[in-house]
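The chain is numbered in sequence order, starting from 1.
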Amino acid sequence: MTAAADRSPDTAAGLEYTEAEVHQEFGENPNEVRDTNHYQEEYVKGFVDKWDDYIGWEGRAASEGSFFIDQLSARGVEKVLDVATGTGFNSVQLLKAGFETVSADGSAEMLAKAFENGRRYGHVLRVVQADWRWLNRDVHGEYDAIICLGNSFTHLFNERDRRKALAEFYAMLKHDGVLILDQRNYDEILDHGFSSKHKYFYCGDTVTAEPEYIDDGLARFRYTFHDDGSVYHLNMFPLRKDYVRRLMREVGFQKIDTYGDFQETYGTESPDFWIHVAEKTYRPDDELTESYSTAVNTARDYYNSTDADTFYHEVWGGEDIHVGLYETPDEPIAPASQRTVERMAEGLGITPETRVLDMGAGYGGSARWLARTYGCRVTCLNLSEVENERNREKNRAQGLDHLVDVVDGSFENMPVQDNFYDLVWSQDAFLHSGERSQVVAEIERVLVPNGQVVFTDPMAADGADTSALAPILARLHLDTLGSPGFYREEFGKHGFGDFTFEDHTDQLTTHYGRVLAELEAAEPRFKGTISDEYISNMKTGLRNWVNGGRSGQLAWGIFRIRR
């Protein structure tokens with residue numbers, strides 16, 4: 001395929017270029033070019049000279065506002081390493097804001113253009129050409145912050161390269177440093193096709209950028225410049241959001257917040273870009289609550305509130321705060337909830353020697369039933385300190401505190417032992433995580449070989465219309481729900497082969513309808529105890545779940561999985 005940018009000489013922007021300066025070499029099969037080092041040949045001078053038309057400096061500055069400056073200033077950052085300088089936009093913004101900035105890039109053409117742009121804006125950039133995989137060799141010193149922006153991390157095609165680059169970033173940060181890394185929302189492109197608001201990151205109005213080819217290992221983008229018709233291409237690796245977060249965590253970053261298009265975007269509109277803000281500060285187990293993700297902190301604050309504690313303990317059921325299995329639509333909540341516990345335990349072969357981890361244990365009703373019925377030891381892991389204290393009190397009152405332990409923590413990063421538990425148990429908790437892939441990885445970590453998993457979770461149906469779930473996602477402050485297919489795929493990635501799903505989706509609608517009826521009946525009794533705002537929001541939320549179930553957009557049931 002020959003594009004305008006492949007012809008020589010090219011007269012883009014009224015400049016004469018040699019063939020080497022405008023010609024990108026991808027060979028006979030461009031879709032097979034999947035090499036980390038190839039970016040050097042892609043950023044030819046003709047393309048680099050037109051890159052600022054694509055960025056649109058004024059529009060970009062207006063769209064991101066003070067987001068990055070605020071993130072850095074809030075952490076007391078003074079010294080920044082921009083490892084993906086490109087043509088210098090972010091380096092110039094940092095210098096204007098008073099940060100001591102070093103500007104690095106792997107492309108000499110990009111650095112030359114960045115230096116030129118810096119001079120035009122009244123700044124002299126300290127530039128250094130460096131490959132991220134050997135960053136410590138080429139750049140010296142420690143930094144308060146490293147930024148890797150402009151979808152640049154996508155140029156690494158090999159996982160070893162990605163891990164090495166992140167390790168180099170981590171090593172060059174001070175002990176309390178921060179890494180800010182962005183990426184295009186490839187999940188949306190891979191799963192639903194390409195669309196762009198063309199509003200936040202690439203704001204130039206004379207350029208069209210769109211994928212020419214995409215699969216799980218390549219996103220080949222075509223850039224068409226309308227002023228002269230020139231065309232260029234970039235071959236990039238389509239990074240999924242949770243995958244990047246997992247790599248960052250495995251390198252050592254504990255607290256990672258992810259923003260959509262410069263804000264905490266949840267579900268109502270899919271962002272064009274994700275921005276990961278990862279802190280290097282190491283926190284021991286007793287301080288891990290400080291490193292909870294945004295989604296986990298949202299759930300923790302909610303369940304710790306007096307309104308939520310009163311509602312779940314007094315209205316929903318107290319012992320069990322999960323979805324029930326109902327024999328009739330008007331059956332009371334408590335026996336239906338107990339039936340779920342009994343059904344989940346069937347066929348698991350639990351004995352007094354079985355070590356159980358209950359992830360998201362709530363008030364511990366299931367854990368106490370397991371301990372009382374089988375004599376087994378159960379660890380309750382839960383993020384709400386308020387619920388955990390009620391759990392401990394109930395364990396003592398029922399004489400089961402010698403069998404049931406209660407641990408404060410998030411199931412995204414569990415403070416429990418590796419390779420220890422025979423059975424992982426969870427009921428309607430995983431939906432509160434924005435990192436369900438990480439939850440599955442944690443389950444693999446703590447299970448013994450041949451261990452078992454049994455759990456329920458309110459989910460999106462396979463193939464559900466995400467927009468139809470927007471009211472539910474907005475209330476939960478999440479951008480997605482899991483699905484049966486998602487859990488099959490994720491557990492399969494971690495070596496789990498024996499997977500069954502007992503579908504009880506109809507019970508989800510019944511249960512939320514029953515809770516709604518109980519809340520409406522109890523509303524006068526809780527006047528002044530539970531706020532009117534909470535009750536109103538809860539009734540709206542319950543109706544959304546009922547409507548979602550009736551429309552076929554939701555799923556619920558019992559998963560049984562064995563390693």
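- Looking at Thr379 and Tyr421, their side chains do bring a donor and an acceptor atom within 3.5 Å of each other.
- Taken to the nearest 0.5 Å, the CG atom of Leu166 stands 7.0 Å off from the CZ atom of Phe253.
- Note that CG of Leu481 and CG of Leu554 are 7.0 Å apart. Values are rounded to the nearest 0.5 Å.
- Figure legend: cation-pi geometry between Arg488 and Phe496 absent, as NZ or CZ is not positioned both under 6.0 Å from the six-membered ring centre and within 45° of its axis.
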Take Phe237 and His155 through the ring-ring contact (aromatic ring centres under 6.0 Å, His included) test and state the conclusion after the steps. CA-CA 6 Å; Phe237 186 89; His155 286 301; over 10 Å; no

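- Residues satisfying the salt bridge (charged side-chain N to carboxylate O under 4.0 Å, His left out) criterion with Arg240, sequence neighbours excluded, are Asp187, Asp191.
- Judged by distance alone, the side chains of Gln452 and Arg563 never bring a donor and an acceptor atom under 3.5 Å apart.
- Of the N and O atoms on the side chains of Asn395 and Arg368, at least one donor lies less than 3.5 Å from an acceptor on the other residue.
- Partners of Pro329 under the side-chain contact (heavy atoms from CB on, under 4.5 Å) rule, at least two apart in sequence or in another chain, do not exist in this structure.
- Side chains of Thr456 and Asp428: a donor on one and an acceptor on the other come within 3.5 Å.
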Inset, instruction - Could you check Arg390 against Glu387 for salt bridge (charged side-chain N to carboxylate O under 4.0 Å, His left out), going step by step and ending with a plain yes or no? - result: CA-CA 5 Å; Arg390 281 194 185 271; Glu387 289 182 345; over 6 Å; no

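- Shown here are the side-chain contact (heavy atoms from CB on, under 4.5 Å) partners of Asp418, two or more places apart in sequence or in another chain: Arg445.
- At a cut-off of 3.5 Å, with distance as the only test, no side-chain donor of Asn382 or Ser384 sits close to an acceptor on the other residue.
- Salt bridge annotation for Arg339-Glu342: absent, with no cationic side-chain nitrogen under 4.0 angstrom from a carboxylate oxygen.
- Between Arg246 and Glu435, none of the side-chain N atoms (NZ, or NE/NH1/NH2) sits under 4.0 Å from a carboxylate O, so this pair counts as no salt bridge.
- For Cys380 against Ala361, the heavy-atom pair with the smallest separation is CB-CB, 3.5 Å.
- A salt bridge links Arg222 to Glu212: at least one charged side-chain nitrogen sits closer than 4.0 Å to a carboxylate oxygen.
- Ion pairing of Glu331 with Arg514 is absent here, as no side-chain N (NZ or NE/NH1/NH2) approaches a carboxylate O to less than 4.0 Å.
- In this structure Phe559 satisfies the ring pair (Phe, Tyr, Trp, His ring centres under 6.0 Å) test together with Phe455, Tyr487, Phe499, Phe501, sequence neighbours excluded.
- Screening residues 538-553 for salt bridge (Lys or Arg N to Asp or Glu O under 4.0 Å), with sequence neighbours left out, gives Glu520-Arg543, Glu523-Lys539.
- Leu149 contributes atom CG, which lies 4.5 Å from atom CD1 of Ile147 (distance to the nearest 0.5 angstrom).
- Between the side chains of Arg245 and Thr258, at least one donor N or O sits under 3.5 Å from an acceptor N or O.
- A salt bridge between Arg436 and Glu412 is absent, with no side-chain N of the basic residue lying under 4.0 Å from a carboxylate O of the acidic one.
- Using a cut-off of 4.0 Å between Lys/Arg side-chain N and Asp/Glu carboxylate O, Arg355 and Asp405 are scored as not salt-bridged.
- Partners of Asp498 according to the salt bridge (charged side-chain N to carboxylate O under 4.0 Å, His left out) rule, which considers only residues two or more places apart in sequence or in another chain, do not exist here.
- Defined by atom type and a distance below 3.5 Å, a donor-acceptor pair is missing between the side-chain atoms of Tyr243 and Gln183.
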